[in-house]
Amino acid sequence: MELAKGSLSTSVRATNSMDDEDEYTGPSARCVLFTMENEIYGIHVKKIREVLRVGKIRKVEGSDYQILGVINVRGVIVTVVDTRILFGMPSKEITDLSRIIIVELDDERTVGMLVDFVMEVKDIPENRFEALSTTKDNASKYIQSIAHFEDNVIILIEVDNMFS
(Lines give C-alpha, C1' and ligand atoms only; values in the text may rest on other atoms or scores of the structure.)
Protein backbone atom coordinates (compact mmCIF):
# COMPACT_ATOMS: atom_id res chain seq x y z
CA MET A 1 0.00 0.00 0.00
CA GLU A 2 1.35 3.35 -1.00
CA LEU A 3 0.49 6.64 0.67
CA ALA A 4 0.44 9.88 -1.18
CA LYS A 5 3.42 12.01 -0.23
CA GLY A 6 1.27 14.92 0.94
CA SER A 7 -0.93 12.82 3.20
CA LEU A 8 2.06 11.28 5.01
CA SER A 9 3.67 14.61 5.77
CA THR A 10 0.34 16.02 6.95
CA SER A 11 -0.16 13.02 9.22
CA VAL A 12 3.33 13.36 10.74
CA ARG A 13 2.84 17.08 11.26
CA ALA A 14 -0.51 16.53 12.98
CA THR A 15 1.03 13.91 15.27
CA ASN A 16 3.90 16.23 16.20
CA SER A 17 1.44 19.02 16.89
CA MET A 18 -0.60 16.76 19.21
CA ASP A 19 2.61 15.68 21.00
CA ASP A 20 3.56 19.32 21.54
CA GLU A 21 0.13 20.02 23.03
CA ASP A 22 0.32 16.96 25.30
CA GLU A 23 3.83 17.85 26.54
CA TYR A 24 3.17 21.54 27.18
CA THR A 25 3.51 22.38 30.89
CA GLY A 26 3.52 26.20 30.77
CA PRO A 27 0.71 28.59 31.61
CA SER A 28 -2.65 28.13 29.98
CA ALA A 29 -5.91 30.01 29.70
CA ARG A 30 -9.09 28.26 30.77
CA CYS A 31 -11.80 29.27 28.31
CA VAL A 32 -15.44 28.52 27.64
CA LEU A 33 -15.70 27.72 23.94
CA PHE A 34 -18.80 28.48 21.90
CA THR A 35 -19.72 28.59 18.23
CA MET A 36 -21.43 31.03 15.90
CA GLU A 37 -21.45 30.79 12.09
CA ASN A 38 -19.14 27.74 12.21
CA GLU A 39 -16.43 29.70 14.03
CA ILE A 40 -15.16 28.81 17.50
CA TYR A 41 -14.92 31.61 20.05
CA GLY A 42 -13.58 31.59 23.58
CA ILE A 43 -14.00 33.68 26.70
CA HIS A 44 -11.77 33.39 29.77
CA VAL A 45 -13.61 31.48 32.49
CA LYS A 46 -12.68 34.17 35.02
CA LYS A 47 -15.10 36.53 33.23
CA ILE A 48 -18.03 34.09 33.23
CA ARG A 49 -20.48 33.66 36.08
CA GLU A 50 -22.53 30.88 34.49
CA VAL A 51 -24.04 29.47 31.31
CA LEU A 52 -27.82 29.19 31.10
CA ARG A 53 -30.40 27.60 28.85
CA VAL A 54 -32.47 30.24 27.11
CA GLY A 55 -35.68 30.91 28.99
CA LYS A 56 -38.09 33.80 28.84
CA ILE A 57 -36.41 36.99 27.66
CA ARG A 58 -38.52 40.07 28.37
CA LYS A 59 -38.27 42.72 25.68
CA VAL A 60 -37.42 46.26 26.71
CA GLU A 61 -39.13 48.79 24.46
CA GLY A 62 -36.84 51.45 23.07
CA SER A 63 -33.66 49.49 23.75
CA ASP A 64 -30.82 49.18 21.27
CA TYR A 65 -31.35 46.68 18.42
CA GLN A 66 -28.56 44.44 19.76
CA ILE A 67 -30.38 43.99 23.07
CA LEU A 68 -32.85 41.13 23.12
CA GLY A 69 -34.24 42.08 26.51
CA VAL A 70 -33.70 41.14 30.13
CA ILE A 71 -33.83 37.98 32.19
CA ASN A 72 -34.20 37.40 35.90
CA VAL A 73 -31.35 35.29 37.25
CA ARG A 74 -32.20 34.46 40.86
CA GLY A 75 -33.43 37.98 41.56
CA VAL A 76 -30.80 39.81 39.51
CA ILE A 77 -31.96 41.46 36.27
CA VAL A 78 -29.46 40.77 33.46
CA THR A 79 -29.49 42.40 30.03
CA VAL A 80 -29.20 39.89 27.18
CA VAL A 81 -27.49 40.88 23.93
CA ASP A 82 -27.64 39.05 20.61
CA THR A 83 -23.96 38.30 20.13
CA ARG A 84 -24.52 37.50 16.46
CA ILE A 85 -25.78 41.04 15.78
CA LEU A 86 -22.98 42.50 17.89
CA PHE A 87 -20.47 40.69 15.65
CA GLY A 88 -22.24 41.83 12.46
CA MET A 89 -23.78 38.43 11.70
CA PRO A 90 -27.39 37.84 10.72
CA SER A 91 -29.74 37.06 13.58
CA LYS A 92 -30.81 33.44 14.06
CA GLU A 93 -33.74 31.75 15.76
CA ILE A 94 -33.15 30.47 19.27
CA THR A 95 -32.83 26.67 19.34
CA ASP A 96 -32.47 24.03 22.07
CA LEU A 97 -28.70 24.37 21.65
CA SER A 98 -28.68 28.16 22.16
CA ARG A 99 -27.26 29.36 25.46
CA ILE A 100 -26.85 32.59 27.40
CA ILE A 101 -23.36 33.14 28.79
CA ILE A 102 -23.54 35.40 31.83
CA VAL A 103 -20.42 37.57 31.78
CA GLU A 104 -19.20 39.66 34.73
CA LEU A 105 -17.89 42.99 33.49
CA ASP A 106 -17.05 44.20 37.02
CA ASP A 107 -18.36 43.78 40.57
CA GLU A 108 -21.70 45.42 39.75
CA ARG A 109 -22.33 44.82 36.04
CA THR A 110 -23.22 41.59 34.28
CA VAL A 111 -24.47 40.94 30.79
CA GLY A 112 -25.91 37.89 29.06
CA MET A 113 -24.53 36.91 25.66
CA LEU A 114 -26.82 34.79 23.49
CA VAL A 115 -24.70 32.32 21.49
CA ASP A 116 -25.53 29.44 19.13
CA PHE A 117 -23.87 26.59 21.04
CA VAL A 118 -21.57 26.22 24.04
CA MET A 119 -19.03 23.49 23.40
CA GLU A 120 -16.87 22.97 26.47
CA VAL A 121 -14.38 24.44 28.91
CA LYS A 122 -10.83 24.00 27.67
CA ASP A 123 -7.34 24.82 28.92
CA ILE A 124 -5.50 26.39 26.00
CA PRO A 125 -1.73 26.78 26.30
CA GLU A 126 -0.80 30.46 26.23
CA ASN A 127 1.90 29.76 23.66
CA ARG A 128 -0.89 28.91 21.20
CA PHE A 129 -2.34 32.43 21.23
CA GLU A 130 -1.29 35.01 18.70
CA ALA A 131 -2.07 38.62 19.55
CA LEU A 132 -3.65 40.70 16.84
CA SER A 133 -1.94 43.80 15.64
CA THR A 134 -3.59 46.87 17.10
CA THR A 135 -2.47 48.93 14.14
CA LYS A 136 -4.76 47.14 11.71
CA ASP A 137 -7.65 49.38 10.79
CA ASN A 138 -10.03 46.50 10.27
CA ALA A 139 -9.05 44.54 13.41
CA SER A 140 -12.00 44.05 15.71
CA LYS A 141 -11.76 45.57 19.15
CA TYR A 142 -13.68 42.53 20.39
CA ILE A 143 -10.94 40.06 19.48
CA GLN A 144 -8.14 39.68 22.01
CA SER A 145 -6.17 37.01 20.16
CA ILE A 146 -6.41 33.89 18.03
CA ALA A 147 -5.26 30.41 19.06
CA HIS A 148 -4.42 27.42 16.91
CA PHE A 149 -5.23 24.45 19.12
CA GLU A 150 -6.21 20.82 18.49
CA ASP A 151 -6.79 21.43 14.78
CA ASN A 152 -9.09 24.38 15.50
CA VAL A 153 -8.82 28.12 15.25
CA ILE A 154 -10.20 29.72 18.41
CA ILE A 155 -11.02 33.41 18.52
CA LEU A 156 -10.55 34.75 22.04
CA ILE A 157 -13.06 37.49 22.84
CA GLU A 158 -12.23 40.59 24.89
CA VAL A 159 -15.56 41.06 26.70
CA ASP A 160 -14.49 44.22 28.53
CA ASN A 161 -14.05 46.00 25.18
CA MET A 162 -17.35 44.64 23.87
CA PHE A 163 -19.42 46.36 26.51
CA SER A 164 -17.37 49.47 27.34
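All values derive from a computational prediction rather than experimental measurement. Keep in mind that the numbers below use all heavy atoms, side chains included, and drop hydrogens, waters and symmetry copies.
To the nearest 0.5 Å, the span separating CZ on F34 from CD1 on I155 amounts to 9.0 Å. With rounding to the nearest 0.5 Å, the separation of OG1 in T79 from CG in D64 is 11.0 Å. Taken from CZ in R99 to OG1 in T83, the straight-line distance is 14.0 Å, to the nearest 0.5 Å.
Scanning for side chain to side chain contact (heavy atoms under 4.5 Å, CB included) contacts around F163 gives V81, L86, L105, V111, M113, with sequence neighbours left out. Annotation: ring pair (Phe, Tyr, Trp, His ring centres under 6.0 Å) contacts of F129 (sequence neighbours excluded): none. The side chain to side chain donor-acceptor pair (under 3.5 Å) check on N152 picks up nothing, with sequence neighbours excluded.
Under a hydrophobic clustering in which Ile, Leu, Val, Met, Phe, Trp and Tyr are joined whenever their side-chain heavy atoms come within less than 4.5 Å, directly or via other members, M89 and I43 fall into the same cluster.
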Taking only distance into account, with no hydrogens and no angle test, what donor-acceptor pairs under 3.5 Å do side-chain atoms of residues 45-59 form with protein atoms, sequence neighbours excluded?
{"from": "K47", "atom 1": "NZ", "to": "E104", "atom 2": "O", "distance (Å)": "3.2"}
{"from": "K47", "atom 1": "NZ", "to": "D160", "atom 2": "OD1", "distance (Å)": "3.0"}
{"from": "R49", "atom 1": "NE", "to": "E104", "atom 2": "OE2", "distance (Å)": "3.3"}
{"from": "E50", "atom 1": "OE1", "to": "R74", "atom 2": "NH2", "distance (Å)": "2.8"}
{"from": "E50", "atom 1": "OE2", "to": "R74", "atom 2": "NH2", "distance (Å)": "2.5"}

Kindly list each side-chain donor-acceptor pair under 3.5 angstrom involving residues 65-73, sequence neighbours excluded, with atom names and distances?
{"from": "N72", "atom 1": "OD1", "to": "G75", "atom 2": "N", "distance (Å)": "2.7"}

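Other residues, nucleotides and ligands contribute over 12 non-hydrogen atoms within 6.0 Å of the CG atom of D106.
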**Asked** Taking it one step at a time, do E158 and Y142 satisfy side chain to side chain contact (heavy atoms under 4.5 Å, CB included)?
**Response** CA-CA 5 Å; E158 178 59 65; Y142 307 150; 5.9 Å; no
**Request:** Could you please spell out the steps behind the side chain to side chain contact (heavy atoms under 4.5 Å, CB included) verdict for L114 and I94?
**Result:** CA-CA 9 Å; L114 177 68; I94 294 171; 3.9 Å; yes
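Annotation: salt bridge (charged side-chain N to carboxylate O under 4.0 Å, His left out) contacts involving residues 80-89, sequence neighbours excluded, comprise E37-R84, R84-D116.
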